[in-house]
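In what follows, a single structure is set out as structure tokens and then discussed.
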Protein chains: 2
Amino acid sequence: MISDAAIASPLSCRASLPAQAGRCASAAREPRRDAQREAAHAQRVAERLGLVLSSVEVQRRVVRAGDIVYQAGQRFTHLFVASTGAYKIVNLTRDGREQIVSVKFRGDWLGLDGIADAAHECDAVALDTGEVWAVPYAALVQACAVRPGLMTAFHEAMGRELARDRSSLMSVCTLPADARVADFLHDWAAALACRGLRTDQITLRMTRAEVGNYLGLTLETVSRALSRLAREGLIAFADGARREIVIPDAEALGEFVHDALAPATALQ
Amino acid sequence: MISDAAIASPLSCRASLPAQAGRCASAAREPRRDAQREAAHAQRVAERLGLVLSSVEVQRRVVRAGDIVYQAGQRFTHLFVASTGAYKIVNLTRDGREQIVSVKFRGDWLGLDGIADAAHECDAVALDTGEVWAVPYAALVQACAVRPGLMTAFHEAMGRELARDRSSLMSVCTLPADARVADFLHDWAAALACRGLRTDQITLRMTRAEVGNYLGLTLETVSRALSRLAREGLIAFADGARREIVIPDAEALGEFVHDALAPATALQ
DNA sequence: CGACCTTTTGATAGTAGTCAAATGAAGTGG
DNA sequence: CCACTTCATTTGACTACTATCAAAAGGTCG
């Protein structure tokens, strides 16, 4: 039905939507259901974590900011699950340059990229104090064979990660700098909200340079974007170092991101 | 060891590598091993396909350019494997904008993103005549429980896709327009090479607008980039419509991409 | 307090987007 | 078989955004 139209339609570059970035974020337009959804989601996260705990013997490990969960090049033997804390996934290259490709929170799996070639391709670094569970992959595979529920949950997690990567690709491809930063904050808040954590105030555990690296911007541009967002009242700073960011109205922030694409819509 | 250095190191935006984009592409600097590696890879792809065929009953389906393999919103019941042809994965949004998030070839799985929420999030559209196999997900899960080899192969495929998405994110984040287009072509050729297909000449089955959409550029910029690459002899056009692109020296193309980042390297 | 790091802000330059027009290829109907 | 339409592509001129370079201010920790 859409068959031919789909391939023939002209695709303008900025023609895309980021607002629905996370599955969680998509609820932002319906404030009523927000709380419900988030609670439900948080519960599902908890259930999945419980499922893992009950199926496989995991090794708990407390990490502090800067600690490496796993390192690129390491032989892949374990997967990790973030129980608490935040983590950055850094892809680094032979010539020493590095790129942050993802940020992880409670309930997310770490190390999935290592499965393909039996070696980790990225570093995973804790941004904060937290706890990770090390899950031996072999044991997980065995447990999955016995418990189809665990297998589908695991597949779900991988699929979710794919979807998340995609939406971040979309933001980077389509949003101007200010909106990209706004989207980043909005996503971060949404990720916390989905997990039942406080969302009105978030502590960036990354420097401007890191945020910029993640978003494909320079640190100066990130700084300017944050200043502009603050000037417009979409965010506020809670501390002197400007790492604590208050989001008075997450919906407004989402709207701002959405509006950045609106002009393109009109043309179509 | 790298622990603190990693988080403290200044991350400049353009500081990243795209040359290693695909796992396949990374072989480009070692021409000797290229053929071997690619042959080995092609065989592995064939083996994986055989594994699927022998484990699950699949439904073969021939598609032509523009045909939709699956559509966003559809209930997720089947996964698909590309046997031949090329496919674009299009993420479309409530307001009708669309973004090409991935391009798939022989051996790739389609629809993995649907597992997470039991519904497809993207459209998958054939760019060319080809054959896809529809694999009932339920049957796959059952087969995986019996055959751990299939499960790990499947996990591998998902992991590989994650890695690929990441590398494309990296290109988009870090490369200037010309290099981004060059990288796109280089990746495409590498993807074909990995599968044992001819790589010296590739037929773009996408319009400039589609390429631009995928790379986060406007169609004009893509056109200009192609013209410049042709002017420098890195590529050539084989037909009037300029869809057939000849790559006389894949290594040189890879080098061009790599050089786009060189200045940043020098500083570090 | 002083050294160091992060962040902010300004001035300037370069890249890519936007608008617009022309060319070329493909397909339609006379 | 050839005008005519339509769509993809190319190219130019101009604009806007973001990177770059540079300097200063604010925080943190010894």
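Here is how names work: the chains are called A, B, and so on, in the same order as the sequence lines, proteins then strands, and each is numbered from 1. Please read these numbers as outputs of a predicted model, since none were measured by experiment.
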Checklist entry - With sequence neighbours excluded, what pairs up with A/Phe256 under the ring-ring contact (aromatic ring centres under 6.0 Å, His included) test? => result none
Checklist entry - Do any of residues 224-237 of chain B sit with a heavy atom less than 4.0 Å from DNA chain D, and if so which? => result B/Arg224, B/Ser227
Next on the checklist: I want to verify a distance call: between D/dA8, D/dT10, C/dT7, whose nearest atom is closest to the B/Thr207 side chain?
Outcome noted: D/dA8
Checklist entry - Which one, D/dG27, C/dT7, D/dA19, comes nearest to the side chain of A/Ala241? => result D/dG27
Checklist entry - With sequence neighbours left out, what residues match A/Arg228 under salt bridge (Lys or Arg N to Asp or Glu O under 4.0 Å)? => result A/Asp178
Next on the checklist: At 10 degrees resolution, what angle do the end axes of the helix from C/dC1-D/dG30 to C/dG30-D/dC1 form when each is taken over five base pairs?
Outcome noted: 30°
Checklist entry - Considering residues at least two apart in sequence or located in another chain, which fulfil the side chain to side chain donor-acceptor pair (under 3.5 Å) criterion with A/Asp200? => result A/Arg198
Item to check | Protein-nucleotide distance (B/Leu215, atom CG; C/dT15, atom P), rounded to Å | outcome: 18 Å
Next on the checklist: Using the side-chain contact (heavy atoms from CB on, under 4.5 Å) criterion, which residues pair with B/Thr203? Sequence neighbours excluded.
Outcome noted: B/Arg205, B/Glu244
Next on the checklist: How many whole angstroms separate atom CG of A/Asn213 from atom P of C/dT7?
Outcome noted: 14 Å
Next on the checklist: Quick check: closest heavy atoms across A/Asn91 and A/Glu121, and the distance to 0.1 Å?
Outcome noted: OD1-O, 3.6 Å
All N/O pairs under 3.5 Å across the protein-nucleotides 2-6 of chain D interface:
none

Next on the checklist: For residues 222-252 of chain B, which residue pairs pass the ring-ring contact (aromatic ring centres under 6.0 Å, His included) check, not counting sequence neighbours?
Outcome noted: none
Checklist entry - Rounded to the nearest Å, what distance is computed from the CD atom of residue A/Glu210 to the P atom of nucleotide C/dT7? => result 9 Å
Item to check | Pair listing, salt bridge (charged side-chain N to carboxylate O under 4.0 Å, His left out) test, anchored in residues 229-239 of chain A, at least two apart | outcome: none
Item to check | Along DNA chain C (nearest heavy atom to each residue), the more 5'-positioned of B/Asp178 and A/Thr221 | outcome: A/Thr221
Item to check | Which residues share a ring-ring contact (aromatic ring centres under 6.0 Å, His included) with B/Phe80, sequence neighbours left out | outcome: B/Tyr70
Item to check | salt_bridge(B/Lys88, B/Glu210) N-O dist < 4.0 Å | outcome: yes
Item to check | d(CZ, B/Arg242; C1', C/dA25) in whole Å | outcome: 13 Å
Item to check | A/Thr218 side chain, from C-beta outward: closest of C/dT7, D/dA19, D/dT9 | outcome: D/dA19
Next on the checklist: What is the distance, to the nearest angstrom, from the CG atom on B/Asp239 to the C1' atom on C/dA26?
Outcome noted: 13 Å
Checklist entry - Between C/dT8, D/dT9, C/dT6, which nucleotide has the shortest distance from any of its atoms to the side chain of A/Arg243? => result C/dT6
Item to check | Qualifying salt bridge (charged side-chain N to carboxylate O under 4.0 Å, His left out) pairs with a residue from residues 102-111 of chain B, counting only residues at least two apart or across chains | outcome: B/Lys104-B/Glu161, B/Asp108-B/Arg164, B/Asp108-B/Arg195
Checklist outcome for this item: Contacts satisfying ring-ring contact (aromatic ring centres under 6.0 Å, His included) that involve residues 207-235 of chain A (not counting sequence neighbours) are A/Phe184-A/Tyr214
Next on the checklist: Assuming nearest nucleotide by heavy-atom distance, tell me which of A/Glu220 and A/Gly240 is located more 5' along DNA chain D.
Outcome noted: A/Glu220
